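A short worksheet on the structure shown next.
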Amino acid sequence: MEGGSSQNFVPPSAGFDKSRVLDVRPLRSLMPVFPAASQAPSFPGMPPFGNTPNGFPPFYPFGLPSSYQASPDLNSEMRTPTGPMPAPIRSYRAPTSSGADDFPEDSNGDGYFDPHVGSSSSRKKTTKASSSRKKTKKNGDGDSLTNNGSGVTFVSVMSSFQIEDGNRELVNYVLMNFDALRRRICQIEDNKESKTGVIKRADLKAGGIVMSKKVRTNMRRRVGVIPGVEIGDIFFFRMEMCAVGLHAPSMAGIDYMTGNGDGDKDPVALSIVSSGGYDDEAEASDVLIYSGQGGNSNSKDKDREVADQKLERGNLALQRSLHHGNEVRVIRGVKDDVSSTIKIYVYDGLYKVHESWTERGKAGCNIFKYKLLRVPGQPPAFAVWQAIRKWKDGFSSRAGLVLQDLTSGTEPVPVSLVNEVDNEKALVSFTYFPTLKYTKSFSLMPPSFGCNCRSACQPGDTNCSCIQKNGGDFPYTSNGILVSRKQLLHECGPTCPCTPNCKNRVSQTGVKLRLEVFKTKDRGWGLRSWDSIRAGAFICEYAGEVIDEAKLKQKDDGGENDEYIFDTGRDYESFKWSYEPGLIEESPNDVGDYNIPYRLIISAKNVGNVGRFINHSCSPNVFWQPVVYEHNNQSFVHIAFYAIGHIPPMTELTYDYGSSSSNEAGSNSGPNRKNKCLCGSSKCRGYFG
DNA sequence: GCGCGGTCACGACG
DNA sequence: CCGTCGTGACCGCG
């Protein structure tokens, strides 16, 4: 945690009302209660939510109260805690694998995976991330697992209720599976030498799998709020929105439903995706002008002839929603600032259709237009993007700016310092340094030699020793996303002849995201990003001075409270960052425990980078990964941070600080050494460090 | 070395 | 079971 102001050590009654914070999200309190099921048959493999990190805390940059999603009018679809579970409005096809739709498999009968069941009881600590573990390497090459020749058998770990109606945890679980699958498919395809038969659309492949294997949620179609999807959530693929029930069609821009069971055959619109490609822009962030669908008859033979749009399907549904005054979910497609080729989908909450008309399109044909107005009172989402765009045009529009670049040009991208909370105008001074500093010699890994690749290392090159050290898989996708965690991630180093643009040098090339150090309400300074961050993206390393255990003990004994210690010797919650085994033949190549050759202790108190400002959370959105590359004929381990899931702009970045064992150095300071945790997560352990 | 338009192949739902 | 909906990766161009 940052400190500077030592605000992270909040006295017991510092006015922090934890219960209020815990009420932010409509977690279990609003969820239906199901008749208790007998002790559930357990899931194949590991319990899916044992230690999986929870969702990201929502961020409200403009000081709005964060209780929005619990407001009753906008949650009219949600049922009361004691309400009976209504029969599903329609049954769906039985899954191909038997047993997937058996009666509730949740262990406490509430229809939802409970973070506390099977987690607190069987909560596993990783062994101290030290060198002792030597597991047999799990290699993704084919043979393993439960597949039976013809295909993969997979029994969905989700009950029929969970497939029908989601919550935050389920949504995160589905998204985690989708993207881990997607990254792994990319990796497998990249490894193939022959470029024939490659899967170009790993998103469709992964999407097809999670949809057909029922690793999906909120399949029950509904108007309004989707439980577990929060305003401001971002998506990188249409299939992600399908899988969590935000927007069902894999291609079409308008999702609608006919017949709500009341004999009413009127279609109603459920959600729309504004691709941004049209002239759908509007001046204000709470207005959306949306074009109807159809009209460009795109039959394969005939060269695009254009026709009048018709008042049918989605167009009709929007018209009926206007008539009924129904809410429509709006997802805005925006261009990413980091990689301009990709599009990001921002869930911007509920809108109402205000008016509709027809216009003459370019080819002189009629197109429908709809004006939608955002339902007031919702936390900003798309508005945040618009604000950031202004900030990028000029710093003057950034309120509370203290410093434009606290790295003084050390990082390739400026890191600004912002305080919108109080009058603190400076950091406790430290020296900005982008990587590790060794002040004395350590027993390092023996020097290892780099690869012989001439230009850039190529996935699938079996001769590249750096790829071999990673178990044969190229650790990153072609656009620099980490595929899976590794016991020790090997990047190319200075003695590798490959060029600096080698794709195996992600974590050593410095900060690429537009980051900002900001003053939090109650936890000192924190770190967040103006850019959106996708799951597996590198954020920054933990820079600082490497110290040894004796020095750490010396600090502790001397009563010096160094809040800027990173210590691989702490206990860390194990968590899963991969897909369920069995979804594809290749097993997930997720790490078991980290395998670090020596205990690495970093102090960023006097020397450090942006990493020192990342606060602790028990439900973090960032994880750390040991990375090794050699330098000066020694191999050095670095600590690199990657995103667990997609992180919307301006969301505070957090990782799990772990906890010191009681018999470690500093135990004579007693339990006071532990810091009281203010992360506000439902899984909060109460302390850290 | 980038932005742009064209091309291609694909999934969910009605 | 077929039609409706664009998308996302890639490639060549200027």
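Remember, predicted model here, so these are calculated numbers, not experimental data. All chains are named by letter (A, B, ...) in the order of the sequence lines, taking the proteins before the strands, and each is independently numbered beginning at 1.
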Asn315(A), Asp266(A), Asn326(A), Thr258(A) screened by side chain to side chain donor-acceptor pair (under 3.5 Å) with Arg320(A), the one that passes: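 Running side chain to side chain donor-acceptor pair (under 3.5 Å) over Asn315(A), Asp266(A), Asn326(A), Thr258(A) with Arg320(A) returns exactly one hit, Asp266(A).
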Looking at Arg221(A), I'd like to know whether one of its side-chain N or O atoms comes within less than 4.0 Å of OP1 or OP2 on dA12(B).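 Answer is no, no contact under 4.0 Å.
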If the condition is side-chain contact (heavy atoms from CB on, under 4.5 Å), which residues does Asp393(A) pass it with, not counting sequence neighbours?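 side-chain contact (heavy atoms from CB on, under 4.5 Å) check on Asp393(A) returns nothing, list empty.
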Restricting to side-chain contact (heavy atoms from CB on, under 4.5 Å), what partner residues turn up for Thr407(A), sequence neighbours left out?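 With sequence neighbours excluded, Thr407(A) shows a side-chain contact (heavy atoms from CB on, under 4.5 Å) to Asp405(A), Thr410(A), Glu411(A), Val415(A), Tyr432(A), given in chain and number order.
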Less than 4.0 angstrom from a charged side-chain N to a carboxylate O is my criterion; do Asp348(A) and Arg374(A) meet it?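 Looking at Asp348(A) and Arg374(A), the cut-off is met.
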Taking NZ, NE, NH1 and NH2 as the nitrogens, is one of them in Asp337(A) or Arg514(A) under 4.0 Å from a carboxylate oxygen of the other?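 Judged by the 4.0 Å cut-off on N to carboxylate O distance, Asp337(A) and Arg514(A) do not form a salt bridge.
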Could you tell me how far apart [X] ([atom1]) and [N] ([atom2]) are, to the nearest whole angstrom?
X         : N       : atom1 : atom2 : value
Leu270(A) : dG14(B) : CG    : C1'   : 13 Å
Ile185(A) : dG11(B) : CD1   : C1'   : 14 Å
Tyr290(A) : dC5(C)  : OH    : P     : 11 Å
Asn501(A) : dG1(B)  : CG    : C1'   : 13 Å
Asn218(A) : dC13(B) : CG    : P     : 13 Å

Please list, for nucleotides 7-11 of chain C, all pairs of protein and nucleotide N/O atoms separated by less than 3.5 Å.
{"from": "dT7(C)", "atom 1": "O2", "to": "Arg201(A)", "atom 2": "NH1", "distance (Å)": "2.8"}
{"from": "dG8(C)", "atom 1": "OP1", "to": "Arg238(A)", "atom 2": "N", "distance (Å)": "3.1"}
{"from": "dG8(C)", "atom 1": "OP2", "to": "Tyr345(A)", "atom 2": "OH", "distance (Å)": "2.7"}
{"from": "dG8(C)", "atom 1": "O4'", "to": "Arg201(A)", "atom 2": "NE", "distance (Å)": "3.3"}
{"from": "dG8(C)", "atom 1": "O4'", "to": "Arg201(A)", "atom 2": "NH1", "distance (Å)": "3.3"}
{"from": "dG8(C)", "atom 1": "O4'", "to": "Arg201(A)", "atom 2": "NH2", "distance (Å)": "3.0"}
{"from": "dG8(C)", "atom 1": "N3", "to": "Arg201(A)", "atom 2": "NH1", "distance (Å)": "3.4"}

Of Asp255(A) and Ala252(A), the one whose closest DNA chain B nucleotide lies more 5':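 Final value for this comparison: Ala252(A).
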Each nucleotide N or O in nucleotides 12-14 of chain C that has a protein N or O under 3.5 Å away: list the pair and distance.
none

Filter on salt bridge (Lys or Arg N to Asp or Glu O under 4.0 Å), then keep only pairs touching residues 246-258 of chain A, sequence neighbours left out; what's left?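 Output for this query lists Arg221(A)-Asp255(A).
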Residues 201-208 of chain A, side-chain donor-acceptor partners within the protein, below 3.5 Å, at least two apart:
{"from": "Arg201(A)", "atom 1": "NE", "to": "Asp203(A)", "atom 2": "OD1", "distance (Å)": "3.0"}
{"from": "Arg201(A)", "atom 1": "NH2", "to": "Asp203(A)", "atom 2": "OD2", "distance (Å)": "3.0"}

On the ring face of Trp577(A), is Arg184(A) found with NZ or CZ under 6.0 Å from the centre and within 45° of the axis?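 No, cation not above the ring by the 6.0 Å, 45° rule.
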